[in-house]
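Inspection log for the structure reproduced underneath, given as structure tokens.
Read the numbers this way: they start at 1 and go in the same order the structure lists the ligands and their atoms.
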Amino acid sequence: MAGNVPVTQSLDDIYPQDALDIQRKRWSKLLSSFKDAYGRPAEFVSRSPGRVNLIGEHIDYSLYEVIPMAVTADVLLAVAVSPANGTPTVRIANVQSDKFATRSFTLAQDGGVDIDAKSHEWTNYFKSGLRGATELLKKHAVKGIGQLNIDILADGTVPAGGGLSSSAAFVCASALAVMRAHGQETVDKKELVELAVVSERAVGVNSGGMDQAASVFSQRGSALYVGFQPELSARTIEFPQTHTPLTFVIAQSFVAADKHVTAPVCYNLRVVECTLAARVLASICGLKDLPDDSSPLGFSLRSFHDSYFKKKGAVGDDVKDFRSQLDQLVHIVDNYLPQEEGYTRQQISDLIGTSVDELEKRYMTKFPVRADTFKLRQRAMHVFGEAVRVLKFMDLLQSPTPSNEQESEELLKGLGGLLNDTQESCRDVYECSCPELDELCKLARSAGAYGSRLTGAGWGGCSVHLVPQAKVEAVKKAWEEKYYKKHFPDMDAEKLQDAIVVSKPGSGSTLFQVAGRESL
Ligand code: NG1
């Protein structure tokens, strides 16, 4: 999956046929609004999509594999650049100016920019992409850093806080735009993902790397298998041909899940709990002096996993061995992390042989958390169990093409069953669901979905459902009548239409050259 971000002059390379009309209108409007706003035409558009995660929830920051796919909804940044004869300035506006106010800010001489992670400001995502891209430009000794004025007009269709990773789409599109603004027409996908992962952490969330990988690497029509250990890797997975085509339906809960606001008690707390579970397990198993890894706090359950079996002399990374290793780890957790009620800071410090002060300094300072106890047992159980489900899902996707309707049905039921198991674990063990998401899943299953679960960070946001094509309308109707109309009686038709998306796997990040083009 290595290679450069594609550069195109045709929307046909980006969107499926049935989306082209709407996209042409949207892009034309963006480009003409750009001209109106800045008095000059845009030179290029940087584009990155949102994603839906099919399976592998909350395990990317523990460095286990995940299977997401890009959606058609995306972030577009139309851009023009000119030499700064004075202080370099970025002007950034959004087509939804009532929601996202126009801003302008200056850059330091080395291209640097301050980010106030405490303020929930939409342009922070641009700034974090800019900061990451600037580092990469410096690494490549590119000239002209901090010597440009950049004008940007943004148009995003990935709902913010809707679980489809609008933030990663924005950061990836921003970093790509800044690279291209500095004359970089070939941008390495892997470098872009790596910088976007680190950049997004500057906005205050200790994120894993799944969203950025899905946004950049995806290819139309396929899902992605993304790995993080020993290094970031991604490969496309074709969906099997089944009698009734595999259809994934995405439904919004409309419970706003603002990761940044809730981070100290939700997302960032889970990252801390997983890291501490890994530290405690390593210590109990006598593993010492382990090197840092690429996870947000420098040590992951995956590194514990690998070191544990390395010490036991396990060789090879055969999938069958890997699955049996994960099963063994579940037993280890069961035996050695028995406390259902959680562990206090003092107990954890004692287990890993450090002081409470040190523990807080090392794991809870960069991204503060609020908790008296840490549920190490439950979090580790979810992570190892979910890693097994990803392997099983992958096996099913790669199984031989079903030769009859019954085999097809079995395959779809198998995939759906895994999605349902993930939901159960997210709800009861990882505690990242919410009653509304549970309700959407229950309704979908009763109306014929094979499998239903939350997707993304959870605590609101989005859900994903594997539905037989013939049942899509019935599932939609059940949600409309028993969920949306009940919880949001005033919802208008347009919002209701946005609530449910039958998603085809979309293409990843792209640079679109506007210059010289008369029409789209
Ligand atoms: P969302 O909130 O849906 O973008 C977040 C993380 C992912 C992953 C999922 C849970 C960010 C940018 N993304 O996704 O890396 O950990 O939660 O699987 O924080």
Side-chain angles (χ1 to χ4, degrees), residues 48-71 73 75 117 124-125 128-129 132 156 158-175 193-216 224 226-228 232 250 252-253 255-263 266-275 294-297 300-302 367 379 382-383 386-387 389-390 419 422-423 425-426 430-434 437 453-464:
S48 249
R51 64 95 190 91
V52 59
N53 188 21
L54 299 181
I55 198 156
E57 215 59 89
H58 281 280
I59 61 172
D60 58 344
Y61 49 83
S62 290
L63 305 186
Y64 282 102
E65 290 73 10
V66 295
I67 308 184
M69 68 185 197
V71 292
V75 169
N124 274 358
Y125 293 99
S128 72
V158 193
L164 296 179
S165 212
S166 54
S167 57
F170 208 103
V171 173
C172 292
S174 303
V193 173
E194 282 168 346
L195 86 80
V197 174
V198 175
S199 304
E200 197 160 339
R201 291 185 188 150
V203 199
V205 175
N206 233 344
S207 59
M210 159 173 74
D211 304 343
Q212 298 82 356
S215 189
V216 173
L224 266 195
V226 184
F228 305 95
L232 177 72
I250 299 167
Q252 294 286 342
S253 67
V255 174
D258 192 332
K259 275 203 311 275
H260 297 93
V261 177
T262 61
C266 293
Y267 194 89
N268 287 348
L269 177 58
R270 292 294 178 275
V271 177
V272 169
E273 287 176 313
C274 286
T275 311
S294 63
S295 66
L297 293 172
S300 63
L301 285 163
R302 179 61 176 274
F367 297 101
R379 308 318 179 216
H382 167 81
V383 170
E386 184 71 354
R389 284 187 284 277
V390 169
L419 299 184
T422 293
Q423 175 60 19
S425 183
C426 283
Y430 214 70
E431 297 174 286
C432 62
S433 188
C434 66
L437 285 167
R453 64 178 208 83
L454 65 86
T455 181
W459 296 288
C462 230
S463 57
V464 63

Q.
V171 vs Q212, test: side-chain contact (heavy atoms from CB on, under 4.5 Å). Steps then yes/no.
A. CA-CA 8 Å; V171 173; Q212 298 82 356; 5.9 Å; no
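Contact annotation: for R51 versus ligand 1, heavy atoms closer than 4.0 Å belong to the side chain alone. Under 4.0 angstrom from ligand 1, the non-hydrogen atoms of S165 come from both its backbone and its side chain.
The minimum heavy-atom distance between Y61 and S300, with the atom names listed, is O-CB, 4.2 Å.
Atoms of ligand 1 found under 4.0 Å from any heavy atom of E57 (numbered from 1 in listed order, with element): 10 (C), 18 (O). Less than 4.0 angstrom separates some heavy atom of G208 from each of these atoms of ligand 1: 15 (O). With ligand atoms numbered from 1 in the order given, ligand 1 contributes 16 (O) to contacts under 4.0 Å with heavy atoms of Y61. Contact atoms of ligand 1 toward E200: 12 (C) (distance under 4.0 Å to a heavy atom of the residue).
Rounded to the nearest 0.5 Å, atoms CZ (R302) and CG (D60) are 12.5 Å apart.
At distances below 3.5 Å, not a single donor-acceptor pair connects side-chain atoms of W459 with backbone N or O atoms of V255. Here the side chain of E65 pairs no donor or acceptor atom with the backbone of G227 at under 3.5 angstrom.
Closest to atom 19 (O) of ligand 1 among all protein heavy atoms lies S207 CB, 2.8 Å. Remark: minimum distance from atom 2 (O) of ligand 1 to any protein heavy atom is reached at K259 NZ, 2.8 Å. The protein heavy atom nearest to atom 9 (C) of ligand 1 is M210 CE, 3.8 Å. Of all protein heavy atoms, the one closest to atom 17 (O) of ligand 1 is Y267 CE1, 3.2 Å.
Here S295 pairs with D293 under the side-chain hydrogen bond (donor to acceptor under 3.5 Å, both in side chains) rule; sequence neighbours left out. Residues meeting the side-chain hydrogen bond (donor to acceptor under 3.5 Å, both in side chains) test with S165, sequence neighbours left out: D211.
Ligand 1 has no N or O atom lying under 3.5 Å from any N or O atom of T455, backbone or side chain. Of the polar atoms of A457, at least one N or O is found under 3.5 Å from an N or O of ligand 1, judged by distance alone. Between D60 and ligand 1, an N or O atom pair is found at a separation short of 3.5 Å. For ligand 1, the polar-atom distance check finds an N/O of D211 within less than 3.5 Å of one of the ligand's N/O atoms.
Between M210 and H58 there is no side-chain heavy-atom pair separated by less than 4.5 Å. Inter-residue side-chain proximity for P68 and V226 is flagged as met; some heavy-atom pair is nearer than 4.5 Å.
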